[in-house]
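Everything numeric in this text was worked out from a predicted model, so none of it was measured. For the numbers below, each heavy atom of this structure counts, side chains included, while hydrogens, waters and symmetry mates do not.
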Amino acid sequence: MLAATFLTCLITALTILIHYEAIRLVHRWHGRRWGSVRLKVIAGVFFLFAAHSLEIWLFAAGIYFAKNELQLGGLEGAFTETSADYLYISVVTYASVGYGDIRPTGFIRTMCGFEALTGILMMAWSAAYTVYRLQELWLESNDD
């Protein structure tokens, strides 16, 4: 259980750090005087989407490591041991979709629970930042 807790805390901390840095970079880029509001917003959203994707891959790697190296649990159901399956379980968990066709067991269940909590928080953070910046950018410019 200690290994699962440490691994989950490490991945969650890295996810928060990645997200903070992504938002910081988008904010710095949005502060530049060049570029239209449309370009800034669209590029910023794509960049934040890329950060979410990286975070999902990080959790997928953590689930793989927890299952295969640390033997902290398993994945049951429509799971075929492919990298696509690890990515899939991570995407549906991070986004809190939870289809249920692949089910975590053992301590991996806890790890997936924290991934869902972290995913919700990161998506809310991205949404809040995007709304905040849109308000500022639209007030600064008449550009659509």
Who are the side-chain contact (heavy atoms from CB on, under 4.5 Å) partners of [X], not counting sequence neighbours?
| X | answer |
| --- | --- |
| Glu76 | Arg103, Thr105 |
| Ser96 | Ala116, Ile120 |
| Ala66 | Leu7, Leu72, Ile108, Met111 |

Next on the checklist: So, using ring-ring contact (aromatic ring centres under 6.0 Å, His included) as the criterion, who are the partners of Tyr86 when residues are at least two apart?
Outcome noted: Tyr64, Phe79

Item to check | ring-ring contact (aromatic ring centres under 6.0 Å, His included) against Trp57, all qualifying residues, sequence neighbours excluded | outcome: none

Checklist entry - Quick one: ring pair (Phe, Tyr, Trp, His ring centres under 6.0 Å) pairs with a partner in residues 99-130, sequence neighbours left out? => result His19-Trp125, His27-Tyr129

Checklist entry - Could you state the interatomic distance from CG (Leu54) to OG1 (Thr15), rounded to the nearest 0.5 Å? => result 8.0 Å

Which pairs, with at least one residue in [range] and sequence neighbours excluded, count as a salt bridge (Lys or Arg N to Asp or Glu O under 4.0 Å)?
| range | result |
| --- | --- |
| residues 8-26 | Glu21-Arg24 |
| residues 105-115 | none |
| residues 55-68 | Lys67-Glu81 |

Checklist outcome for this item: The salt bridge (Lys or Arg N to Asp or Glu O under 4.0 Å) partners of Arg28 (sequence neighbours excluded) come to none

Item to check | Connected hydrophobic set around Leu17, excluding itself, where side chains approach under 4.5 Å | outcome: none

Checklist entry - For Ile42, what are the other residues in its hydrophobic cluster, where any two members join if their side-chain heavy atoms are less than 4.5 angstrom apart? => result Phe46

Next on the checklist: When you measure from the side chain of Asp101 to the backbone of Ala78, do you find a donor-acceptor pair of N or O atoms at a distance under 3.5 Å?
Outcome noted: no

Next on the checklist: Out of the candidates Phe65, Phe6, Phe59, only one should pair with Ile11 under the side-chain contact (heavy atoms from CB on, under 4.5 Å) rule; please name it.
Outcome noted: Phe59

Next on the checklist: Does any part of the side chain of Thr8, heavy atoms only, come nearer than 4.5 Å to the side chain of Thr110, both counted from C-beta?
Outcome noted: no

